[in-house]
Amino acid sequence: MSEDPFVAHRGLLFTVAYEMLGSAADAEDVLQESWLRWAGVDRTRVRDPRGYLVRTVTRQALNRLRTMARRREEYVGEWLPEPLLTSPDVAEDVELAESVSFAMLTVLETLGPTERAVFVLREVFDVPYEEIAEAVGKSAAAVRQIARRAREHVAARRPRVAVSRAEQQAVVERFLAALRTGRLQELLDVLAPDVVLIADGGGLAGAAPAPVHGADVVAALLARPDRLVSPVWLNGALAGRIELNGQVAAVSVVVADGKVTRIHAVANPRKLTRLDEPAQLAR
């Protein structure tokens with residue numbers, strides 16, 4: 001018996017939902033809802049199961065995105081995406097790694113639900129405009145316009161400097177080593193002068209309530225020697241897992257010109273449940 005298309009494409013469907021929602025827990029709920037719909041479909045009438053399933057997941061994710069807006073408004077402090085443990089080979093697919101990176105996901109948060117869906121489906125998964133139109137309930141012409149606006153929006157906000165994987169890893173390793181020693185000067189040496197630290201505690205863990213700007217202030221916050229620091233692959237890039245007094249944080253960074261320019265630190269324990277088993281991502 002051939003494998004059920006939903007099972008065969010599960011990695012792709014999860015990736016679509018996660019990139020649209022920034023939350024693995026919500027992505028899993030969307031997949032569950034989509035599976036229930038798929039189970040009731042007459043398969044003989046589905047010519048392209050992959051396309052059909054992507055459209056189904058997109059519609060469910062859009063519904064959830066719209067209901068999540070209020071949750072985000074009521075969120076305590078800064079909101080960051082839910083980090084995913086990924087295998088190192090995800091980084092080999094440069095486009096996939098970039099699309100699930102913290103830098104990209106935080107930019108996608110600034111798009112409206114429909115814009116986000118159109119951008120993800122077109123730019124990441126190369127879905128034809130006509131299929132996107134069917135998924136989001138718009139005309140193909142309207143989808144082309146939305147895609148253009150979304151591309152311009154993302155281009156204006158994503159990191160401008162392309163960094164090689166080798167340079168990214170080298171800087172992250174220096175940063176993690178500095179965190180491990182907790183020495184102020186070592187941290188200052190690896191941080192860009194205008195570095196920004198964004199921390200997400202969700203009201204459940206200690207975290208700065210607003211972005212922290214400047215190397216001196218950020219280094220002073222991070223300079224303490226009594227923490228456990230280990231390298232980990234998160235969202236397609238080398239990152240850090242930090243433990244202090246039983247509290248865990250996942251730390252991802254953006255690199256430019258050999259320095260750390262942005263630090264994303266997720267300490268909300270509800271967002272750290274995916275750090276034991278690598279997520280199955282696919283394009």
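One-based numbering along the sequence shown. Remember, predicted model here, so these are calculated numbers, not experimental data. Reckoned from all heavy atoms, side chains included, excluding hydrogens, waters and symmetry mates.
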Requested in this report: Quick one: list whatever passes ring-ring contact (aromatic ring centres under 6.0 Å, His included) with F175, sequence neighbours left out.
Outcome: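 With neighbours one apart ignored, the set is empty.
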Report task. Not counting sequence neighbours, which residues clear ring-ring contact (aromatic ring centres under 6.0 Å, His included) with Y52? List them please. Result ->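 Counting only residues at least two positions away or on another chain, Y52 forms a ring-ring contact (aromatic ring centres under 6.0 Å, His included) with W38.
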Can I get a per-line list of side-chain donor-acceptor pairs under 3.5 Å for residues 231-238, giving both atom names and the distance, sequence neighbours left out?
from: N235; atom 1: OD1; to: L84; atom 2: N; distance (Å): 2.9
from: N235; atom 1: ND2; to: Y18; atom 2: OH; distance (Å): 2.9
from: N235; atom 1: ND2; to: V100; atom 2: O; distance (Å): 2.8

For [X], side-chain hydrogen bond (donor to acceptor under 3.5 Å, both in side chains) partners two or more places apart:
X: D42; result: T44
X: E82; result: S23
X: S99; result: E19

Output every pair passing side-chain hydrogen bond (donor to acceptor under 3.5 Å, both in side chains) with a member in [range], not counting sequence neighbours, ordered by first then second residue.
range: residues 137-148; result: Q145-R148, R148-E152
range: residues 184-194; result: T181-E186, R183-E186, Q185-D189
range: residues 239-256; result: R241-E243

Query raised in the report: So which residues get pulled into L228's cluster when ILVMFWY side chains under 4.5 Å apart are joined, directly or through others?
Result: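 Direct or chained contacts put L228 with none.
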Query raised in the report: By salt bridge (Lys or Arg N to Asp or Glu O under 4.0 Å), which residues pair with R224, not counting sequence neighbours?
Result: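 For R224 the salt bridge (Lys or Arg N to Asp or Glu O under 4.0 Å) partners, ignoring immediate neighbours, are D226.
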Let me have the donor-acceptor pairs involving side chains of residues 197-208, under 3.5 Å, with sequence neighbours excluded, atom names and distances please.
from: D200; atom 1: OD1; to: Y75; atom 2: OH; distance (Å): 2.6
from: D200; atom 1: OD1; to: G202; atom 2: N; distance (Å): 3.2
from: D200; atom 1: OD2; to: Y75; atom 2: OH; distance (Å): 3.3
from: D200; atom 1: OD2; to: L80; atom 2: N; distance (Å): 2.9
from: D200; atom 1: OD2; to: K271; atom 2: NZ; distance (Å): 2.6

